[in-house]
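Okay, so here's the structure we're looking at.
Just so you know, these numbers use all the heavy atoms, side chains as well, and skip hydrogens, waters and symmetry mates.
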Amino acid sequence: MRPPNSKEMYFPSFDLLKTRRFPKGFQHYVMEEAHALFTYHDSEIMFRVNSNKNENNKWVTTLIAAYQVRHSNRSNLVPLSNLFTEKEEEAFQIKIAKMAVTLSKILENRLDKNLGELAFDVAIDKEKRTWLLDVYSRPSWRILDHGTLYPFALDMIEHLFRYSFYLHNQKRMNLS
């Protein structure tokens, strides 16, 4: 899906594309072919997955939410049970939760920072293969505006406080 107000651009060669759109090179980009994404009622489905640190400095998955991407930039939450059978839903949640925790650990190690919260935008294609689209170190909580996700918001806030207390206690121990 193309963002609103975007314009299609054509380049006669890959080198020209690289020169014009990526003057600093591709070292921070991943390019892949487009995939037909999984749809529900004729709208593409995306997933927001949040991970948070807990009071033991361990990453945990705190949210897995599916939403329809509308061309008007509005989205509707879709219960996972509408997309998958019970068995598929359970397997998907396990797979996505493991992915979020693994990526969170990798990013934290690579960035050498005290990250306490990350969010991932994930899609699945029609063959139900998983694709990572975006990673956010300071994710928007706008998806939590949907009333059904209120318990997840409380859990995420609780994890942020717990991790903050962990960091505070670590700092106190280091000063002693």
Side-chain angles (χ1 to χ4, degrees), residues 1 3-4 28 30 37-41 43-124 128 130-176:
M1 180 175 72
H28 298 290
V30 175
L37 297 183
F38 183 75
T39 60
Y40 176 75
H41 293 298
S43 293
E44 292 177 332
I45 297 293
M46 305 282 281
F47 299 88
R48 171 54 63 95
V49 183
N50 280 55
S51 63
N52 290 83
K53 281 281 192 89
N54 65 16
E55 66 276 7
N56 298 316
N57 198 32
K58 303 289 182 200
W59 286 102
V60 294
T61 303
T62 51
L63 172 71
I64 300 173
Y67 58 95
Q68 290 175 293
V69 180
R70 303 264 185 205
H71 294 290
S72 65
N73 258 356
R74 293 180 179 221
S75 59
N76 293 326
L77 285 180
V78 178
L80 294 178
S81 58
N82 289 7
L83 305 174
F84 305 108
T85 66
E86 190 175 327
K87 193 173 186 178
E88 287 174 328
E89 180 183 346
E90 184 179 339
F92 178 75
Q93 286 193 17
I94 291 169
K95 177 181 179 179
I96 292 297
K98 284 182 183 178
M99 178 213 67
V101 168
T102 300
L103 287 173
S104 297
K105 290 176 186 176
I106 291 169
L107 289 169
E108 181 181 39
N109 289 335
R110 283 290 296 241
L111 298 173
D112 196 30
K113 290 186 177 189
N114 287 326
L115 298 173
E117 170 185 40
L118 290 168
F120 306 93
D121 282 342
V122 177
I124 55 176
K128 297 200 178 157
T130 307
W131 297 94
L132 176 64
L133 303 176
D134 286 304
V135 179
Y136 305 97
S137 62
R138 292 189 177 121
S140 163
W141 285 22
R142 208 171 114 212
I143 192 168
L144 298 172
D145 289 346
H146 296 274
T148 58
L149 295 181
Y150 183 74
F152 294 101
L154 292 177
D155 189 40
M156 290 162 59
I157 291 167
E158 186 175 320
H159 274 85
L160 288 173
F161 276 109
R162 287 179 178 186
Y163 182 58
S164 295
F165 290 134
Y166 166 83
L167 291 175
H168 174 74
N169 289 334
Q170 290 299 308
K171 188 175 181 180
R172 282 183 42 208
M173 289 172 55
N174 290 338
L175 292 175
S176 308

Going from [atom1] on [X] to [atom2] on [Y], what distance comes out if it is rounded to the nearest 0.5 angstrom?
X	Y	atom1	atom2	answer
Arg48	Leu149	CZ	CG	11.0 Å
Lys58	Lys53	NZ	NZ	8.5 Å
Met156	Phe161	CE	CZ	13.5 Å
Leu118	Trp59	CG	CH2	4.0 Å
Tyr163	Gln170	OH	CD	9.0 Å
Met46	Ile124	CE	CD1	11.0 Å

Just wondering, do Asn169 and Arg172 contact through their side chains at under 4.5 Å, heavy atoms?
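Counting from C-beta outward, Arg172 and Asn169 do come under 4.5 Å.
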
Quick one: side chains of residues 97-107, donor-acceptor pairs under 3.5 Å with protein atoms, not counting sequence neighbours, listed by atom name and distance.
residue: Thr102; atom: OG1; partner: Lys98; partner atom: O; Å: 2.8
residue: Ser104; atom: OG; partner: Ser51; partner atom: OG; Å: 2.6
residue: Ser104; atom: OG; partner: Ala100; partner atom: O; Å: 2.6

Using side-chain contact (heavy atoms from CB on, under 4.5 Å) as the criterion, list what pairs up with Ile45, not counting sequence neighbours.
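Checked Ile45 against side-chain contact (heavy atoms from CB on, under 4.5 Å); matches are Phe38, Tyr40, Phe47, Ala66, Gln68, Val78, Leu83.
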
For a side-chain contact (heavy atoms from CB on, under 4.5 Å) check, start with the C-alpha distance between Val122 and Thr130, then their side-chain angles and the critical distance, and finish with the verdict.
CA-CA 7 Å; Val122 177; Thr130 307; 3.4 Å; yes

Test item: Asn54 side-chain N/O and Asn56 main-chain N/O as donor-acceptor pair under 3.5 Å:
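Present.
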
Residues that Tyr166 engages under side chain to side chain donor-acceptor pair (under 3.5 Å), provided they are two or more places apart
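Testing Tyr166 for side chain to side chain donor-acceptor pair (under 3.5 Å), a comparison that skips the adjacent residues, returns Asn57.
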
Flag yes if more than 12 heavy atoms outside Tyr136 fall under 6.0 Å of its OH atom; otherwise flag no.
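Yes, because the 6.0 Å sphere around OH of Tyr136 holds more than 12 heavy atoms from other groups.
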
Near Phe92 CZ, under 6.0 Å, is it more than 12 heavy atoms from other residues, nucleotides or ligands?
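Atom CZ in Phe92 is packed in, count exceeds 12.
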
Holding to salt bridge (charged side-chain N to carboxylate O under 4.0 Å, His left out), I want the full list of residues that pass it with [X], two or more places apart in sequence or in another chain.
X	answer
Asp155	none
Glu55	Arg162
Glu90	none

